[in-house]
Structure formats: structure tokens, C-alpha cells
Amino acid sequence: GAVVSQHPSWVICKSGTSVKIECRSLDFQATTMFWYRQFPKQSLMLMATSNEGSKATYEQGVEKDKFLINHASLTLSTLTVTSAHPEDSSFYICSAIWGRGDTQYFGPGTRLTVL
Amino acid sequence: TQLLEQSPQFLSIQEGENLTVYCNSSSVFSSLQWYRQEPGEGPVLLVTVVTGGEVKKLKRLTFQFGDARKDSSLHITAAQPGDTGLYLCAGAPSDSSYKLIFGSGTRLLVRP
């Protein structure tokens, strides 16, 4: 149980375009989802916390107008990277929690490459 | 801001050796989790420790949570090449925000 999927697993786009990444909890309802980015050989950095039906809470230094998060249902959150630039190239990972637990279940990640 | 310092950052050992990874903070965490991540994949949860002084064993892996719930260690006995990967500790702050604070990670390479 507690499976989280992400789509797509990798994407290559041109600079200036927007890219949407989906995060789904497959066998549970996620009260909260989190979005992280990870640069090569580095740890995960939290970008934002997303609760179903409400606005996402962004970490300091993360541009909310650039990284649009929509959490429309208890099983789906989306991250849209708007007007992507090469410096946005990274590994984006989502996670989800159920209820009031501390355990986060992670998706497999999406590798974004902006040319 | 709560920080988790992980050490060492990189470890290269021979198959069969033992190793310990440390995760330290000046802050108290309500729980601490250890993850292992393979290249190009998301982190996979290994264990969650909640109680100060708690010790959990997962086959050749032993996890310990400090008495004050500020630090943790991961000890691997008789490491195998299959243990190679990025090990991440992550603490849940005591403010019940459900966020996780990740350590900087330890990249382990076990040579056959």
C-alpha cells in the first residue's frame, strides 16, 4: 500500500514553455502533498506544501508564480513550471501523507530538462 | 530554522565492512526517518523512529534515535554492494507541520 506515482517520469522542453507534472496517490487519500526538487548529488529541498482544496504554502525563496501548484482532489496534485528556463532543470519529487501521520510516501520523481 | 547535518557525505568501503552514518541537529524532532534513494528514483522509507533512545533493526541495518530526539545513527553491518545508494535522514519538526527536514545525504559505495 501507500503508492505514489508521478507523470511524466522525464520531460524535455524548450526554454519559455510550461511543463505540468502530476502526482497521484494510488491507494490512499492524501491529506497533504509535498513538492521537492533535487539537484545532482544533493539532498531534497522542499518547495511547497499542498493541501486539498486550499492554496499551497511555499518555502522561502520559491517563486509561487513560477511553480504553480494545484491540489484539486485528495489523490492528485500538479506542479506546473511556467516559462521554464535551463536553471529549472532538476529532479522533481512529490510525496504524500495520509491522515495525521509523519510518514511521507514518495513518488518516483520527474526529471525535467529545459533546453 | 531547523537543520539536520549528516555525516559523512561520502563513504566508499569494501564489501563486508561495517559503517555508521550520523544525523545531528540542535533541534528536537517528533520523529526521524531514514530513506534510501537510488539514482533517478524517489526515496524509499527504511524506518521511522519516534521515541528517544529507540533502536530498530532491519536485517543488517540498525537505527538509533538519540535520547533527546536530536540525533540519529544508521549502522550497517557487513555491507554488501546492494547497499550502495544515497542515504537520507529526515526529521519531523515538533511543530506538527507535517513537513520533513532532510539531511544533506550520505552517498555510500560498497565495492565488491
Original post:
Does one side chain, of W34(B) or T48(B), offer a donor that lies under 3.5 Å from an acceptor on the other?
Top reply: no

Subject >> Q6(A) portion near chain B, given a 4.5 angstrom heavy-atom threshold >> reply: neither

Original post:
So, F102(B) versus Y35(B), ring centres under 6.0 angstrom or not?
Top reply: yes

**OP:** Examine whether an atom of Q60(A) lies under 4.5 Å from a heavy atom of chain B, and if so say whether it belongs to the side chain, the backbone or both; otherwise answer neither.
**Re:** neither

**OP:** Counting only heavy atoms closer than 4.5 Å, note whether L44(A) contacts chain B via side chain, backbone, both or neither.
**Re:** both

Original post:
Below 6.0 angstrom between ring centroids: does that apply to Y36(A) and F106(A)?
Top reply: yes

**OP:** Identify the residue among N18(B), T62(B), T20(B) that makes a side-chain hydrogen bond (donor to acceptor under 3.5 Å, both in side chains) with H75(B).
**Re:** T20(B)

Original post:
For the candidates M45(A), Q42(A), E59(A), R111(A), which exhibits the highest count of non-hydrogen atom pairs separated by less than 4.5 Å from chain B?
Top reply: E59(A)

**OP:** Name the member of G103(B), S104(B), P43(B) that forms the most heavy-atom pairs with chain A at distances under 4.5 Å.
**Re:** P43(B)

Original post:
Using 4.0 Å as the upper bound for N to carboxylate O, is an ion pair formed by D83(B) and R60(B)?
Top reply: yes

**OP:** State plainly whether the residues K56(B) and E54(B) are in salt-bridge range, i.e. N to O under 4.0 Å.
**Re:** yes

**OP:** Answer with side chain, backbone, both or neither: which region of Q37(B) has an atom nearer than 4.5 Å to a non-hydrogen atom of chain A?
**Re:** side chain

Subject >> Leading residue by heavy atom contact count with chain B [cutoff under 4.5 Å; candidates S9(A), S43(A), S95(A)] >> reply: S43(A)

